[in-house]
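Contents: one structure, followed by commentary.
Position 1 is the first residue of the sequence, and the numbers go up from there.
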Amino acid sequence: MIKEIKLPDLGEGIEGADISEITVSVGDNVSIDDTVLVLESDKASMEIPSEYAGKIYEILVDVG
């Protein structure tokens, strides 16, 4: 079954962030809590973990 990984709430006072790094590629296998991308905001850098274990079939975002 295909699952989407959605961004969690970024926290109070953070209205937006840029993707600074995508740490997976199509075809990669990930485990729960593996970092899939890194976000940069004015206040912090945040690693976004996968909520699922499985294979990456498509990446719908770009750096920036």
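- Between Asp18 atom CG and Asp62 atom CG the span is 12.5 Å, to the nearest 0.5 Å.
- The distance from the CD atom of Glu40 to the CE atom of Met46 is 8.0 Å, given to the nearest 0.5 Å.
- Annotation: side chain of Ile22 is in contact with side chain of Val61 (closest heavy-atom distance under 4.5 Å).
- Here the OG atom belonging to Ser25 is positioned 9.0 Å from the CD1 atom belonging to Ile56, to the nearest 0.5 angstrom.
- Considering only residues two or more places apart in sequence or on other chains, Thr35 meets the side chain to side chain donor-acceptor pair (under 3.5 Å) condition with Glu47.
- Within the 4.5 Å cutoff, no side-chain heavy atoms of Ile32 are placed close to those of Ser50.
- Interatomic distance, OH of Tyr52 versus CD of Glu4, reported as 9.0 Å (0.5 Å rounding).
- At least one donor-acceptor pair under 3.5 Å links the side chain of Ser41 to the backbone N or O of Ala44.
- A 4.5 Å side-chain heavy-atom check between Val38 and Ile48 finds every atom pair outside the cut-off.
- In the hydrophobic clustering of ILVMFWY residues, with side-chain heavy atoms under 4.5 Å counting as a link, Val24 and Val63 come out together.
- Atom CG of Asp42 has 12 or fewer heavy atoms from other residues, nucleotides or ligands within 6.0 Å.
- One N or O on the side chain of Thr23 and one on the backbone of Val36 form a donor-acceptor pair closer than 3.5 Å.
- Linking Ile, Leu, Val, Met, Phe, Trp and Tyr whenever their side-chain heavy atoms come within less than 4.5 Å leaves Leu37 and Tyr57 in two separate clusters.
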